[in-house]
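Inspection log for the structure reproduced underneath, given as structure tokens.
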There are 2 protein chains.
Amino acid sequence: MMKMKSGAEQGACILAMVGTQLADVPIKSDAISERLSASPSYLKKVMRKLVINGVINSVSGVNGGFTLAKDPKEISLYDLLIAIQGDNLFIKFGGGLKKVFPESEIAATGERILQDAFLQAETQYLESLKSISLHTILSQAIGTEEYQFVNWNEKVNDELFNQLQEAMSEGEIS
Amino acid sequence: MMKMKSGAEQGACILAMVGTQLADVPIKSDAISERLSASPSYLKKVMRKLVINGVINSVSGVNGGFTLAKDPKEISLYDLLIAIQGDNLFIKFGGGLKKVFPESEIAATGERILQDAFLQAETQYLESLKSISLHTILSQAIGTEEYQFVNWNEKVNDELFNQLQEAMSEGEIS
DNA sequence: CTATAATGGATATTTAATATCCACTTTGAG
DNA sequence: CTCAAAGTGGATATTAAATATCCATTATAG
């Protein structure tokens with residue numbers, strides 16, 4: 001089975017599907033993994049991360065599946081990334097400098113400076129991602145504010161997307 | 001042999017040693033790997049990355065070793081990270097969305113938005129790291145501007161660092 | 001010429017990410 | 001109440017990437 005380059009990209013695709021799914025019909029994980037040609041069991045674990053982090057909701061059983069847990073305007077790339085990657089995202093500095101300068105304050109001071117610097121950088125990174133919401137991405141890409149119009153659980157006619165695109169390029173400017 | 005958590009931390013330790021080495025005596029890679037209790041051959045490859053990226057210089061042969069390629073004020077954490085990690089640092093988005101919305105512009109537009117957003121975030125991250133120089137870290141941690149005073153190729157008396165610390169805490173404020 | 005140190009390629013090992021399998025729980029329908 | 005469909009969770013397997021080793025080569029000083 002083909003491997004996704006990164007869990008984050010997979011997460012983005014998941015949100016694209018959950019976010020465009022008809023609001024009252026939960027999307028099944030199998031529908032997503034099929035479309036992404038991704039490992040069904042692993043994809044479920046990825047989706048679970050999104051559930052645990054409050055990005056999507058899940059319901060078990062017949063008619064079960066996944067829905068967005070919040071308004072798409074309240075779901076940012078920050079939320080996506082934190083949910084998928086947790087704190088495994090960035091460089092972590094341990095106590096390496098202690099080997100260079102043992103038993104003096106030099107190592108401790110140095111590490112503090114390093115940690116502050118990277119924390120600062122990480123904060124900038126994450127803050128930047130907070131400004132892009134799922135709503136922004138979907139409405140811009142699809143060209144309409146009513147993007148919850150697909151039932152991915154059924155066979156999807158991909159031509160529909162083309163028609164939509166054409167209609168948009170004539171009518172309104174997104 | 002103990003493994004370093006991350007190449008970046010190892011790189012920081014390397015720069016700490018090269019940066020405090022007596023200016024006219026190149027430091028040998030074996031002196032560094034011994035002190036860091038790191039794999040000598042792998043550490044050489046890490047150092048090679050720093051050489052290739054213009055952070056340090058190398059000389060082969062007897063009396064050979066490594067020296068800083070630039071003024072410590074001109075070496076930033078950005079330089080370190082780029083040298084060590086290259087472009088493997090961040091999330092990369094491939095063409096995953098094309099599976100969700102095939103053959104329409106939706107995927108292309110979506111990916112462009114995502115890529116822009118992450119590029120923006122990465123830029124913020126890296127720019128932030130540019131503001132911290134090796135000079136800043138060493139002078140702050142050690143407490144003096146004359147930090148190129150160690151010959152790591154010889155047996156180092158670690159007590160010296162403690163004495164230095166004490167002298168600093170009496171005399172000047174760093 | 002020789003000893004020392006960095007370089008580079010091929011390969012091995014280890015770790016983390018990805019994937020699979022299966023037993024379990026939850027839910028709605030009949 | 002039972003059954004089938006769907007998510008959950010744990011144990012484990014596979015794969016890819018990072019780390020490590022080995023060894024032959026090149027560069028340099030004496």
Side-chain angles (χ1 to χ4, degrees), chain A residues 1-11 13-14 18 21 24-34 36-53 56-67 69 84-92 94 96 152-153, chain B residues 1-11 13-14 18 21 24-34 36-53 56-67 69 84-92 94 96 152-153:
Chain A
M1 190 115 331
M2 206 204 73
K3 185 190 282 190
M4 272 268 161
K5 281 138 218 118
S6 81
E9 175 164 24
Q10 209 169 15
C13 294
I14 291 169
V18 180
Q21 173 73 17
D24 47 350
V25 185
I27 184 172
K28 303 181 198 320
S29 73
D30 285 344
I32 301 179
S33 56
E34 255 182 55
L36 299 181
S37 57
S39 150
S41 16
Y42 186 57
L43 186 125
K44 279 177 196 162
K45 292 194 196 306
V46 173
M47 298 197 68
R48 186 71 188 133
K49 292 186 191 172
L50 292 168
V51 172
I52 289 170
N53 284 275
I56 60 180
N57 284 326
S58 67
V59 180
S60 294
V62 185
N63 303 337
F66 299 87
T67 51
I84 299 293
Q85 311 265 2
D87 58 351
N88 287 53
L89 187 48
F90 294 107
I91 307 293
K92 289 279 173 289
W152 297 104
N153 295 329
Chain B
M1 191 114 331
M2 208 206 71
K3 184 189 284 191
M4 272 268 161
K5 283 139 218 118
S6 83
E9 175 162 25
Q10 209 168 15
C13 294
I14 291 170
V18 180
Q21 172 74 16
D24 48 349
V25 185
I27 183 173
K28 304 182 200 316
S29 72
D30 285 345
I32 301 179
S33 55
E34 253 181 57
L36 300 181
S37 58
S39 150
S41 18
Y42 186 56
L43 186 126
K44 280 177 196 159
K45 293 193 196 304
V46 173
M47 299 197 68
R48 185 73 188 132
K49 291 185 191 174
L50 292 168
V51 173
I52 290 171
N53 285 272
I56 60 181
N57 285 326
S58 68
V59 180
S60 292
V62 184
N63 302 339
F66 298 87
T67 50
I84 299 293
Q85 310 264 2
D87 57 351
N88 289 52
L89 185 50
F90 294 107
I91 307 291
K92 290 278 173 289
W152 297 103
N153 296 328

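Not measured: the values here are computed from a predicted model. Chain letters run A, B, ... following the sequence lines, proteins first, then strands; residues in each count from 1.
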### Query
Rounding to a whole Å, what distance do you find between A:F66:CZ and D:dT8:P?
5 Å

## Note on the structure
Correct closest heavy-atom pair for B:Q10 and B:A38 would be NE2-CB, 3.3 Å

## Note on the structure
Here the distance between atom C1' of D:dA29 and atom CG of B:N153, to the nearest Å, is 15 Å

### Query
To the nearest angstrom, how far is A:K49 atom NZ from D:dG7 atom C1'?
17 Å

### Query
Once you round it to whole Å, what is the distance between C1' of D:dT21 and CG of B:L43?
14 Å

### A:V59 side chain reached by A:T67 side chain, heavy atoms, under 4.5 Å
no

### Message
Quick check: on DNA chain C, is the nucleotide nearest B:K45 upstream (toward 5') of the one nearest B:S29, or the reverse? Name the residue that is more 5'.
### Response
B:S29

#### Entry: A:K44 NZ to D:dG10 P, straight-line distance once rounded to whole Å
16 Å

### Task
Considering just the side-chain nitrogens and oxygens of A:S58, establish if one lies under 4.0 Å of OP1 or OP2 belonging to D:dT8.
yes

### Task
Measure from CD1 on A:I32 to C1' on D:dA6 and round the result to the nearest Å.
13 Å

### Message
How many whole angstroms separate atom CG of A:N57 from atom P of D:dA6?
### Response
18 Å

### Message
Consider side chain to side chain contact (heavy atoms under 4.5 Å, CB included). Of B:K44, B:K45, B:R48, which one does B:S29 pass it with?
### Response
B:K44

### Task
Please determine if a side-chain N or O atom of B:S41 lies less than 4.0 Å away from the OP1 or OP2 oxygen of D:dC22.
no

### Task
Give a yes/no answer on whether the side chain of B:N63 brings an N or O atom under 4.0 Å of OP1 or OP2 in D:dG30.
yes

### Message
Using whole Å, what does the distance between atom C1' of nucleotide C:dG9 and atom OH of B:Y42 come to?
### Response
16 Å

### Query
Are OP1 or OP2 of D:dA5 and a side-chain N or O of A:S60 less than 4.0 angstrom apart?
no

### Message
For D:dT19 and B:S39 - does any side-chain N or O of the residue sit under 4.0 Å from the phosphate oxygens OP1/OP2?
### Response
no

### Query
Closer to the 5' end of DNA chain C via nearest nucleotide, is it A:G61 or B:V62?
B:V62

### Query
Is B:R48 near enough to C:dG8 that one of its side-chain N or O atoms lies under 4.0 angstrom from OP1 or OP2?
yes

